[in-house]
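As structure tokens, the structure follows; a few thoughts come after it.
For this chain, numbers begin at 1 and follow the sequence in order.
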Amino acid sequence: LLHDRIARVDVERGSPVHALGGIRRGDTEADVRAFFGPKVVETPHAYVPGGSYLTVGWRSGRYAKRGIRFETNEKGTVTRIYAGRHDPIRYIEGCA
């Protein structure tokens, strides 16, 4: 919650939830890129050497000012997914 509103939803281990395109934890960076294409912005992971944050955001339309972030490990496997408002999905320590 941020200002008493849901700002971000995290998909944790064991969750049956998937993101747009059917992407789930355990899928690959290539799966994310295949579905979202050039919308993917990659940045280095803060804690996992060789891992990445793959972020997709929208400026307009149905998902304006929202996005999805996929964390990957050094093997390119999606380990976490979170979605929500633009800034909270970029919080690396979570959103409380």
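When all heavy atoms of Y47 and H45 are compared, the closest pair comes out as N-ND1, 3.0 Å.
A distance of 10.5 Å separates NE2 of H18 from CD1 of I23, quoted to the nearest 0.5 Å. With rounding to the nearest 0.5 Å, the separation of OG1 in T28 from CG in N73 is 11.0 Å. With rounding to the nearest 0.5 Å, the separation of CG in L20 from CD1 in I68 is 4.0 Å.
Panel note: side chain T72, backbone S52; a donor-acceptor pair is recorded below 3.5 Å. A donor-acceptor pair under 3.5 Å is absent between the side-chain atoms of D10 and the main chain of E12, judged by distance alone. The backbone N or O of A46 lies less than 3.5 Å from a partner atom in the side chain of Y53, making a donor-acceptor pair. Judged purely by atom type and a 3.5 angstrom limit, R8 has no side-chain atom pairing as donor or acceptor with the backbone of A83.
In this view, R33 and E29, V40, E42, L54 satisfy the side chain to side chain contact (heavy atoms under 4.5 Å, CB included) rule, not counting sequence neighbours.
A 4.5 Å side-chain heavy-atom check between V48 and E74 finds at least one atom pair inside the cut-off.
Hydrophobic clustering (ILVMFWY, side-chain heavy atoms < 4.5 Å, transitive): W58 and I81 are in one cluster.
Of the candidates T55, V41, V56, T55 is the only one forming a side chain to side chain contact (heavy atoms under 4.5 Å, CB included) with R69.
Among residue pairs with one or both ends in residues 19-44, those qualifying as ring-ring contact (aromatic ring centres under 6.0 Å, His included) are F36-F70; sequence neighbours excluded.
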